Amino acid sequence: MGNTRVAIVWSGVRSRAESLLAAISPDDPEDFDVELAGNGEFVELRISVHTNGLGRSRATVDDILACLSAAESGLDSIK
């Protein structure tokens, strides 16, 4: 089984990135690192997934994307 690395990068305003960051809670938090990069109001939320095998990588990415999607929908509904 080989190692995999996947990057998810979201760009936008800092307040929204911080809210999205708070929403990430996948099943295997030891499988990823998160970084909020940038100065000022515009930032990137960078998520690096690192696992042993494509199946586990896919499951972790799916969990992260589901959390981010739900959080973004919630943020959109309270505009």
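Since the model is a prediction, treat every value here as computed from it, not as a measurement. Computation of the quantities below employed the complete heavy-atom set of this structure, encompassing side-chain atoms and omitting hydrogens, waters and symmetry-equivalent molecules.
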Spacing of Leu75 atom CG and Ser15 atom OG [to the nearest 0.5 Å]: 8.5 Å
Audit row: Phe32, Ile24, side-chain contact (heavy atoms from CB on, under 4.5 Å) steps and yes/no: CA-CA 10 Å; Phe32 70 98; Ile24 300 173; 3.6 Å; yes
Nearest heavy-atom neighbours spanning Glu44 and Ser11: CG-OG, 3.5 Å
Closest contact, heavy atoms only, Thr4 versus Gly53: OG1-O, 3.5 Å
Closest non-hydrogen atom pair, Ala71 against Ala23: CB-CB, 3.4 Å
Heavy-atom side-chain contact between Asn3 and Thr51 under 4.5 Å: no
Any side-chain heavy-atom pair of Ile47 and Leu68 under 4.5 Å: yes
Minimum heavy-atom distance between Ser48 and Arg5, given as atom pair plus value: OG-NH1, 2.7 Å
Separation of Leu20 CG from Ser69 OG (nearest 0.5 Å): 10.0 Å
side-chain contact (heavy atoms from CB on, under 4.5 Å) between Leu65 and Asp63, intermediate numbers included: CA-CA 6 Å; Leu65 292 177; Asp63 286 348; over 6 Å; no
Salt bridge flag under 4.0 Å for residues Asp76 and Arg16: yes
Main-chain N/O of Ile8 paired to Arg46 side chain as donor or acceptor, under 3.5 Å: no
Donor-acceptor pair, side chain of Thr60 and main chain of Arg56, under 3.5 angstrom: yes
Stepwise side-chain contact (heavy atoms from CB on, under 4.5 Å) check, Val43 with Val13: CA-CA 6 Å; Val43 298; Val13 295; over 6 Å; no
Student check: side-chain heavy atoms of Leu45 and Val9 closer than 4.5 Å: no
Heavy-atom pair of closest approach, residues Trp10 and Glu72: NE1-OE2, 3.6 Å
